[in-house]
Amino acid sequence: MEAALIAQHVTKRYTNHVALDQVSLTIPQQTIFGLLGPNGAGKTTLIRIINQIINADSGEISIFGEPLQPKHIGTIGYLPEERGLYKKLKVGEQLVYLAQLKGLSRKDASEKSKAWMRKFEITDWWNKKVEDLSKGMAQKVQFISTVMHEPRLIILDEPFSGFDPVNAQLITQEILELKAKGCTVIFSTHRMETVEDLCDHIALINKSKKILEGSKKQVKDTYRTNTFVVEHKGTFNLTSDGYELVEQKNIEDTFFRSIVRSQHITSPNQLIRDLTNVTEVHSFIEKIPTMSEIFITLVKGGSDE
Amino acid sequence: MNKIFLIIQREFLNRVQKKSFLIATIVLPLIFPAIMAVLVYFSIQQRKNATRQTIQYVDESGLFVPDTSKFVFKKLMTDVKSAKEAFQTSDDYGLLYIPHFELSHPDGVTLYTKINPSPNDIGNLEGMLENQIRELKMKKFNVDQKVLDSLKTDVPIENFNVADAGQEKKSNSNVLLGVGVAAGILMYMFIFIYGAQIMQGIIEEKTSKVVEVIVSSVRPFQLMMGKIIGLASVGLLQFLIWIVLITTLSSVVLAYFGVQMPQQQMMQEMAQNNPDMQAPPIEILKMMSQIPFGYVIFNFLFYFLGGYLLYGALFAAVGSAVDSPAEAQQFMFPITIPLLISYFGLFTFIMNDPHSTVSVWLSIIPFTSPIAMMGRIAFGVPGWQLALSMVSLILGFMLTTWVAGRIYRVGILMHGTKINYKVMAKWFMMKG
């Protein structure tokens, strides 16, 4: 299956700085793709280039196998980080207008917006002006406007900011449902727990450069440090056999929790075997880095250079 | 193209559906005839109710013959000193003292009042005395009124425009000037009011952040043009409604009070007083029919749209650069200056001489031409000047739209940046 989006050597320069430096990405279809990076890394610039709001100085972008063109506007749904709707316009009119701009006929736009409002149980807002809605309500309307024209590629910039847990849950549900229907979702976020829960693939951009890309599993495998958490009875020492005892803590009575790092790639079984020689093992688990840890390690490492 | 149309439609409906549009469009034309009605009503009432003031007078010259149409006069036989004392306690309006005077030097006439008299009253009294002295002088010099009247000569100059080969067109400068000035002022107002609205709308889109969603669907240039054209159509509609309402209502009001158009009435009075003069209302109507209205209206619409587009783009550029209307003020200067220049040019150069060099240049330079050309158009503008002016206006608005578009596309996505002309120039130079 062809990729939903391929970016090749995309570069964007502003007068005083480079916003994107030779960024290449491949976003597979029907995945939730986490676009990560600290503030000012260039995520928004990349998203704006994909949305054809601005043009890249060089590099190519193809979407579902075709070079990116104005006709793809209707293929993409975009929820910007800075949410905004026409304050004086009624919810219904607003949704119909935005969908029409995406290329829907008036009739289609009207039917679709009604259907979505039924789905979110907000049909009685149709004639309300946006300025009379609460922030959360407006967010729902904006989410509808993003997905209403059935885009194949949905770009969500910090989609959960401003939502209460109940509505965040509702939106998560919708996102998963859209993915199940075949949509590809690009998530731009700082919230690592969201990435952990939802994303299949990720890319990390720092200082205008892509520094990491791959499926969540690949990434985690790459950043495995062969570190294990062991709970055991009585103390032990392991320095000699290519292992490093990072930490040993007393939990209660004679029970301890130790963090052991293997210097070489060892199978967990080998470590268990070695451990049973020196102590009584009660539990054993590999310490897999969280996305948050990987993020911080990479970004900090980058800034130390 | 289809999307521009959607934006135009949205902008149009947004404004037209607003209550404020309805109020401005319906109520304003009602206010105009209403004010007129009130003024006519009060002037009629005042004329009916006007009570004549009483003026006491001491006449030492013995020449004063009171004219009682304006004032009630009370002759006092006392000397001026005791008259003044008595006047302090009386309710009368004034005390006029006329000393003994030479006909050649009528000095020393004094009016004593307890409140400051209106210039109108003083003028009336002076006129009265001057007339009487004039008659006395005529008698003294043995001049007959009839002789004097026969000295008065009236030389009417009829003006024929022979510019078009063989066709003699009778022209009336005042009527032509009136048409031109009115059109120029309308143009000035329209550009300002609707230009400010373009700016306002863009600032709103920018601060509400909706603009990022919109420009992910349409090109920034389409959004800008859609807004400008959408507002132009609102303006034209409003205009049309005003013209229809004002003409209908004004004539209804005037008909109710049983007066015809005021100047027409005045002209008729003049005509009655002077039977030699041809009835001027007919003349004016004839003159009006001489103005090529189709031509004037076509040019009005052309300059209207051209000028509006030219300035609308500039207003749009400013709106896109700033975060609030207050911030926009500092960038209004370069937009306002050419408008003011053309506005004052209309009242000085063009009213003085629509064919002077300055007038011609004002009507050719695209930033001043929409207003200036309106002032000149009714007088007949040579074909080459009109063509040059039109072409440069088209080029002018293409230029401003291009410049504005380049600033706009960057500006709408910038928040919280400190803006000056240098920054805007940088945006203008920026690649897509």
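Note on naming: letters A, B, ... go to the chains in the order of the sequence lines (proteins, then strands), and numbering restarts at 1 for each one.
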Contact origin within [X] toward chain A - heavy atom pairs under 4.5 Å:
| X | answer |
| --- | --- |
| Gln17(B) | side chain |
| Lys426(B) | side chain |
| Leu413(B) | both |

Point to revise | CA sep, side-chain torsions, deciding dist, call: Val213(B), Gln142(A), side-chain contact (heavy atoms from CB on, under 4.5 Å) | key: CA-CA 10 Å; Val213(B) 177; Gln142(A) 186 128 35; 3.3 Å; yes
With rounding to the nearest 0.5 Å, note down the distance linking [atom1] in [X] to [atom2] in [Y].
| X | Y | atom1 | atom2 | value |
| --- | --- | --- | --- | --- |
| Lys209(B) | Glu81(A) | NZ | CD | 9.5 Å |
| Arg83(A) | Ser208(B) | CZ | OG | 14.0 Å |
| Ile53(A) | Arg409(B) | CD1 | CZ | 13.5 Å |
| Leu6(B) | Arg106(A) | CG | CZ | 9.0 Å |
| Ser216(B) | Ile76(A) | OG | CD1 | 8.5 Å |
| Ile7(B) | Tyr97(A) | CD1 | OH | 4.5 Å |

**Study point:** Region of Tyr86(A) that comes under 4.5 Å of a non-hydrogen atom in chain B
**Key:**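 Tyr86(A) touches chain B through backbone and side-chain heavy atoms alike.
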Review point. Any idea which of Lys87(A), Gln100(A), Arg13(A), Glu82(A) has the most non-hydrogen atom pairs under 4.5 angstrom with chain B?
Key: Glu82(A)
**Study point:** Lys/Arg N to Asp/Glu carboxylate O, Lys88(A) vs Glu204(B), below 4.0 Å
**Key:** no
Check your understanding: Does CD belonging to Gln330(B) count more than 12 external heavy atoms closer than 6.0 Å?
Key -> yes
Review point. Should Leu89(A) and Arg10(B) count as side-chain neighbours, where that means a heavy-atom distance under 4.5 Å?
Key: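 The answer is yes, as the side chains (C-beta and beyond) meet within the 4.5 Å cut-off.
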Exercise for review: Flag the pair Ile73(A) / Lys3(B) as yes when at least one side-chain heavy-atom distance between them is below 4.5 Å, and no otherwise.
Suggested key: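 Ile73(A) vs Lys3(B): side chains touch.
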